[in-house]
Amino acid sequence: MPTKFYLTTPIYYVNGKPSIGHAYTTFVADTIARYQRMLGKEVEFLTGTDENSQKNVEAAAAAGREDDIQGYLDEMAALWQRTFDSLGITNTRFIRTTEADHHKAVEAFWKRVEAKGDIYKGTYEGLYCGKCEAFYTENDLEGGLCPFHKTKPDHIKEDNYFFALTKYRDALLEHIEKNPEFVQPKERRNEIVSYIKNFMTDVSVSRQTMKWGIPVPGDETHRLYVWFDALINYITGVGFATDEKKFDRFWPADLQLVGKDILKFHCALWPAMLMSAGLPLPKVVLAHGFFTVDGQKMSKSLGNVVDPVELSEQYSPDIIRYYAIRDIRLGDDGDFSHDRLRARYETDLANELGNLVHRVLTMTEKYTDAKVPEKAQGEILGAWQEYQQAMTDYRLTDALDIIWAVIRRTNQFIEQQQPWALAKLEEKKMLHDTLYVLLETLRHIAWMLWPFMPDTAEKMFTKLGLEVPKEFSQSVESAWVWGELKPGSGVEKGEPLFPRKE
RNA sequence: CGCGGGGUAGAGCAGCCUGGCAGCUCGUUUGGCUCAUAACCAAAAGGUCGUCGGUUCAAAUCCGACCCCCGCAACCA
């Protein structure tokens, strides 16, 4: 089994604060990162901010900071970092594309691609709105005018550097053909193949009109097209051009998580760039879907953008993670519904899981003086196999379904055994066996839950009398076998995990 | 012909690739239990699987046409 795992999220524009969409992508990545750590792998988990985009310049200007763009970016990047920290994200690096090592990586990368003969000078022609500092196609315009400024765009011609993307058309198609897992979910493969076959053209990778961004190596009158620079962050993050040893260990990425809107860049442009530079391709690019919010498109103009920090104050990061991952299959579009969030909280978390933990610990307090009884035979292995398979396939929703099947079976088991009746009948052996099975099952549930709901899992460990740090430093194989809970150790019921809300 | 996703019980979804008794969760109704956060367990009711046509012994599943909804293409992952 490989001993390392490298995964990335997209890097985010900092022209606003993080929304639930950004949080979702990052939660998914964090869940996978934690699972891989649970397997004992060395995990590199990269997220960060895309700071060389024109959008950021516009945002800075809108905030009255056009003379202090870098200062604006510093503040916004700090806000994003703080937000992810407060949501419990365990990224190993927060990359900013204005950082020095990234510039170094971009330069080294550019030189490789240039040496390969894949950069050429051409003419970029288009309709340009000087106020937007952006190019538009005829379709973008409204009555021939810029949709934002209602002015006539200039028809301009500009000498630019181009990347010979189409040179890699056949190689890309072949790679996707031979590696069916490369583009996920599989429904998206056709989309990508169709794009590569029918629409992909060489791309302009520099702009003379831009004032912000990384200068083109060797020609400072041009700035790099933001995507060309942005994609390189994924290799900067593991030491390309700065720490070759680390780079060799971690690249290629095992998983690159993206939104469905940027799948093209990650499954066509990016792999072609890597081929040109003579570097291996990421193993999997997985696109998640988009949310509507309570049935409506999420948009700033509608003002219904959900703030993950506010929502976490109302619930908790664990609960938001649980809801989003349980309710929406990774890859599908879905509706982020406040009603359903509440329903998931009440039913799955308060009634089923929370109440299960509470009733088992209450019985342990009542019947065995809060001590773990003698070991008894039990079985959970089938669930572990299904769970591991689901996690390996990135079927996170399925993994949660598997955990909840265990939770339901456990509630059923209590009903069958009727520990309260056994207590009255003084059937000590059966009672103790039952309680041991229940407590040990809770330990397994906590383990399976940990990647998804780390705080909850850790609370469960504490309640079961286990020390959290110790529990996570032991090897996963020994933690997952039956019977690790030590007879005689104390449990502590404490407060319910998920109190019912009024 | 811009690209893509979807229409399955009151709600939200799985099943479709590799045809073969229509499944899950919530909600509703009834019953059980008392360890538990009025939680838990059991049972029941509830669907002509968007429409029309085709292939087949057999279609939610394959093929064709059509209707409707949604996302991207513009702030937004």
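Naming: A, B, ... by sequence-line order, numbering from 1 per chain.
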Return the pairing partner of [N] with a 3.5 Å limit on both distances, Watson-Crick or G-U wobble; otherwise return none.
N	result
B:C3	B:G71
B:A42	B:U30
B:C62	B:G54
B:C17	none
B:A9	none

Quote, to the nearest angstrom, the [atom1] distance that separates [N] from [M].
N	M	atom1	value
B:U61	B:C17	C1'	10 Å
B:U8	B:C13	C1'	9 Å
B:G31	B:A36	P	24 Å
B:A45	B:U30	C1'	10 Å

Check: [X] ring centre within less than 6.0 Å of [Y] ring centre:
X	Y	answer
A:Phe291	A:Tyr24	yes
A:Phe182	A:His266	no
A:Phe27	A:Phe452	no
A:Tyr322	A:Trp404	yes

Any side-chain N or O of [X] less than 4.0 Å from the OP1 or OP2 oxygen of [N]?
X	N	answer
A:Gln412	B:A42	yes
A:Lys366	B:A36	yes
A:Asn15	B:C76	yes
A:Lys55	B:C76	yes

Take atom [atom1] of [X] and atom [atom2] of [N], then tell me their distance rounded to the nearest Å.
X	N	atom1	atom2	value
A:Asp332	B:C70	CG	C1'	13 Å
A:Leu349	B:A36	CG	P	21 Å
A:Asp335	B:G12	CG	C1'	10 Å
A:Tyr24	B:G71	OH	P	18 Å
A:Asp401	B:G23	CG	P	18 Å
A:Asn411	B:G32	CG	P	20 Å
A:Lys463	B:U37	NZ	C1'	11 Å
A:Asp294	B:G71	CG	P	14 Å

For this session: Confirm from the modelled atom types if A:Asn355 and B:A36 form a donor-acceptor pair under 3.5 Å, side chain to base only.
Result: yes

For this session: Please examine the side chains of A:Arg329 and A:Asp398, heavy atoms only from C-beta on, and report whether any two atoms are closer than 4.5 Å.
Result: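 Answer yes - side chains close enough.
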
[X] has a side chain; which of [options] sits nearest to it?
X	options	answer
A:Asn351	B:A14, B:C35, B:C40	B:C40
A:Arg329	B:C72, B:A14, B:U37	B:A14
A:Glu415	B:C26, B:U37, B:G32	B:G32

Under 4.0 angstrom, heavy atoms only, what part of the nucleic acid is [X] near: base, sugar-phosphate, or nothing?
X	answer
A:Ala343	nothing
A:Gly16	nothing
A:Phe291	base
A:Thr347	sugar-phosphate

For this session: Return the 5'-most residue of the pair A:Arg408, A:Leu497 with respect to RNA chain B, ranking by each residue's nearest nucleotide.
Result: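 Its nearest nucleotide being more 5', the pick is A:Arg408.
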
Problem set entry | 5′-ward residue of the pair A:His288/A:Pro496 relative to RNA chain B |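 Result: A:Pro496.
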
Problem set entry | Those residues that, when tested against A:Ala370, pass side-chain contact (heavy atoms from CB on, under 4.5 Å) (two or more places apart) |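 Applying side-chain contact (heavy atoms from CB on, under 4.5 Å) to A:Ala370 gives A:Glu365, A:Val491.
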
Exercise. Has A:Lys375 got its NZ or CZ under 6.0 Å from the middle of the six-membered ring of A:Tyr436, at an angle within 45 degrees of the ring axis?
Worked result: no

Exercise. Does one side chain, of A:Asp229 or A:Asn52, offer a donor that lies under 3.5 Å from an acceptor on the other?
Worked result: yes

Exercise. Between atom CG of A:Asp318 and atom CG of A:Leu349, what is the distance when rounded to the nearest 0.5 Å?
Worked result: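 Spacing of CG (A:Asp318) from CG (A:Leu349) equals 9.0 Å.
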
Output a table of nitrogen or oxygen pairs between the protein and nucleotides 1-7 of chain B separated by less than 3.5 Å.
from: B:G4; atom 1: O2'; to: A:Arg188; atom 2: NH1; distance (Å): 3.3

